[in-house]
Number of protein chains: 4
Amino acid sequence: MSEGAGAEVPTATGARARQREQTRSRLVDAAREVFADTPFADVRVGDISARAGVSHGLFYHYFPSKQDVLREVAAQVYQELIESLDVVLERGGTTPLIDRMDVALRRALERHRREARLIAVIEEVSRYDEDVAAIRETVQRKETARIVTLIRDLQRLGRADPGLDAEVAAAALQAMVWELGKRWFVLEDIELDFDHAVAQLARIARNALGLTAGTPEDSLLR
Amino acid sequence: MSEGAGAEVPTATGARARQREQTRSRLVDAAREVFADTPFADVRVGDISARAGVSHGLFYHYFPSKQDVLREVAAQVYQELIESLDVVLERGGTTPLIDRMDVALRRALERHRREARLIAVIEEVSRYDEDVAAIRETVQRKETARIVTLIRDLQRLGRADPGLDAEVAAAALQAMVWELGKRWFVLEDIELDFDHAVAQLARIARNALGLTAGTPEDSLLR
Amino acid sequence: MSEGAGAEVPTATGARARQREQTRSRLVDAAREVFADTPFADVRVGDISARAGVSHGLFYHYFPSKQDVLREVAAQVYQELIESLDVVLERGGTTPLIDRMDVALRRALERHRREARLIAVIEEVSRYDEDVAAIRETVQRKETARIVTLIRDLQRLGRADPGLDAEVAAAALQAMVWELGKRWFVLEDIELDFDHAVAQLARIARNALGLTAGTPEDSLLR
Amino acid sequence: MSEGAGAEVPTATGARARQREQTRSRLVDAAREVFADTPFADVRVGDISARAGVSHGLFYHYFPSKQDVLREVAAQVYQELIESLDVVLERGGTTPLIDRMDVALRRALERHRREARLIAVIEEVSRYDEDVAAIRETVQRKETARIVTLIRDLQRLGRADPGLDAEVAAAALQAMVWELGKRWFVLEDIELDFDHAVAQLARIARNALGLTAGTPEDSLLR
DNA sequence: TATGAATGAGCATTCATTCAT
DNA sequence: TATGAATGAATGCTCATTCAT
């Protein structure tokens, strides 16, 4: 055999670790699906383990409780959320300053369309679970901060209404998107063509900030 | 009949009915308090009857289940919500057209400040209880319709951005208020001076709709 | 009807209270039986409620947990134990001083014969349940104190070995009885004729204390 | 065979056996510690293997169940117990007959002081585990028998109360020691100076048996 | 021999709901 | 109408035990 005998133990360990990681993700993935489908309080641990295809008891080798998986799911979902905005909103990105709000809006709504149900559950639980609350708050604050920076940059360039309190404006725009996401994709109160709605929201946002049209040189402003 | 005069029966019945009504509202009030304090799933029927000062079993003389009281509470809260806006937004009111958005915004936020926790619970439950969902949807649609009308009136008078889809704009502004209410008063992510925030939000809303300043005759536009 | 109408409410309440008390005792009695038969850790709440002939859930209307019924049982058993000795050992009783040890010994062993299994369980649980421990300790200390008094009285009259530390001697005699009770009636290591054994133990106890034979006047010593 | 010389196999096997024995005692030692600390029913196999520093599963290579280690522990503890008395009580020992009871008492109490918690657990379990019961019974019977012999020897020499049934007296004295041991060292009801208590118990025992003082020749009586 | 992932049975506990009084 | 005792279904969680590696 060409593989050294000593290598076997680490390999075995590696296999174990891999196996462990796999089972764990299977549980988290199952939890994501279940949480998206069922009111949090009605989710039984058995639903999750069943969907993951493992025994009931095994759940407890990986998570101490139902709330704990949700924490993991929340972290995951929010991570994805912020990553998808980071690219657009980060200073020094490739999107022209003046267009960033538009692009971010579309990205955010796309993401909400996909994860709206989970987001709603996370928000619900964050009302009484401190850990989940902390995760939610951290991510939302980070997102708000990005928007605040964008608005201030625009104000500094004379492109946005200087009378706006950037903090309030950022919170307001963010709130608009999150709540619309919920009504549109979870509560399904609203029926709109996606592209039309995004275009309109972009217009509303631009109006709200008092954005003035860009000039050719704007592409240089990052 | 050996029992007292026939006249007594209606009186007795009246007393009964009054008593009944009283107990019923005591239960609803107790429920409002409990729901505002406790995650819906954790509320036990016993909590409500205990707070109402009646026996556990009596609850079931009035409501078939926990969800049913919530329906009643939801109807109540939403009724109050819409009434407080109706005065402002109804056509033919005394508030000048151009100022209605401002006033409505303030009113709405005041109401949310007071009932934010209940609103959050109702929204949560409406995700899986059709009846509550129907109540919520009806009221919100009514509110949206009012805003749509206002925006269209403003557009017709050449005071608002004619490029806006009034439906989308109305939904967006409404979403902004409801979500800010939750973050501000329930999740307590946001700390803002109430008057400053209201003024800023009014400015944002005006910008968003592209409202142009009013002229003296505007006070005639209702 | 000769009974006043007003009397009905208290009667009804009385009936309720009686009913409640009855159910409670049924549970306690059932618990006594079960605990005597089954290792404490193996007792399921369901065993108790089943033997009491009530539903599983009803148990929890009366006791917060299995340990709590045991506390009640312990209190009961120990109360009976001490009462059966009190009559003999209390100063001013009718039993001549010199005979008290004999009588007490017989009484105690009779009681142990009847309740040995429960006593063993209580002792076991008192190793890790503070409340049960407190009950056991209180009663045993009281019993020891009685014996100490008896020995001191005998020493004062010159009837018992003055070189004995009454505290140690009392503890030793008490220990002898309790442990023999367990080996004889629970572990069933020992097979003895009851009366013969009691007579022998009385002789051993008298020897141990160095009791000198009584004179006719002794019947006056109480 | 490509693996080393044949001589290695026995050596390897020897090493294996040594290793096996080592792991086994590590488990037994760990069990002793755990059982002394934790109510038997609350001891999990995992506690023992964890304290032994081996994996959970490995436990089952050595013992079929928790009860089985306890059997081993019980055997060990009781073996130590009887050995420490054998030296004193065995006929033909070096201790003068008349002093044996004293010495045995002290030895026994020293042993109990050290192992009281384990003894209590073993006794508890022996109430429902036949194997443990057998171990306990065997040792205690052996101990009783030694005392019976001693008492009979003393009676034969006219040194002890001839009216005593040696069987009952032996059981009574043994019971006294075991139970005092538990109350003193496990339940901690009693607080006594060790030497004082031992001296007193010796006096009580001597009284109980009616032992008369020895003469110089007694040292010859063995 | 050693590991620890996986299984599944078992029990305590809670609580909505009913019903005799 | 009002009470609260009684029911029983539902589910979270633990842990002994097995087994693939």
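Sequence lines set the chain letters: A, B, ... in the order given, protein chains first and strands last, and positions in each chain run from 1.
Comparing dA12(E), dT7(E), dA16(E) against the side chain of V45(C) picks out dA12(E) as the nearest. Closest to the side chain of R44(D), out of dT7(F), dA2(F), dA16(F), is dA16(F). Distance from the side chain of S55(B) is smallest for dT3(F) among the nucleotides dA5(E), dT3(F), dA2(E). Nearest nucleotide to the side chain of S65(A), out of dC13(F), dA20(F), dA6(E): dC13(F). Between dA6(E), dA2(F), dA12(E), one nucleotide has an atom nearer to the side chain of Y62(A) than all others, and that is dA6(E).
dC19(F) is paired with dG4(E) under the Watson-Crick or G-U wobble criterion, all donor-acceptor distances under 3.5 Å. Across every strand in view, dG10(E) sits in a pair with dC13(F) that passes the Watson-Crick or G-U test at under 3.5 angstrom.
The cationic atom of K66(B) (NZ for Lys, CZ for Arg) lies less than 6.0 Å from the six-membered ring centre of F40(B) and within 45° of the ring axis.
At a non-hydrogen distance threshold of 4.0 Å, nothing from residues 24-36 of chain C comes into contact with DNA chain F.
Taking atom NZ of residue K66(A) and atom C1' of nucleotide dA10(F), one finds them 13 Å apart after rounding to whole Å. One atom, CG of L58(C), and another, P of dC19(E), lie 16 Å apart when rounded to the nearest Å.
The phosphate of dT14(F) (OP1 or OP2) has no side-chain N or O of Y60(A) nearer than 4.0 angstrom. For the OP1/OP2 pair of dA2(E) and a distance below 4.0 Å, the side-chain nitrogens and oxygens of T23(D) include at least one atom meeting the criterion.
E33(D) has a carboxylate O that lies under 4.0 Å from a charged side-chain N of R51(D), or vice versa, which qualifies the two as a salt bridge. Between E115(C) and R32(C) there is a salt bridge, with a side-chain nitrogen of the basic residue lying less than 4.0 Å from a carboxylate oxygen of the acidic one.
Between Q19(C) and D42(D), the residue anchored nearer the 5' end of DNA chain F, judged by the nucleotide with its closest heavy atom, is Q19(C). Comparing G57(B) and F59(C) by the nucleotide of DNA chain E that holds the closest heavy atom to each, the one mapping nearer the 5' end is F59(C). With DNA chain F read from its 5' end, the first of the two nearest nucleotides for H56(C) and R20(C) is the one closest to R20(C).
Without hydrogens or angle criteria, D29(C) side chain to R26(C) main chain gives no donor-acceptor distance under 3.5 Å.
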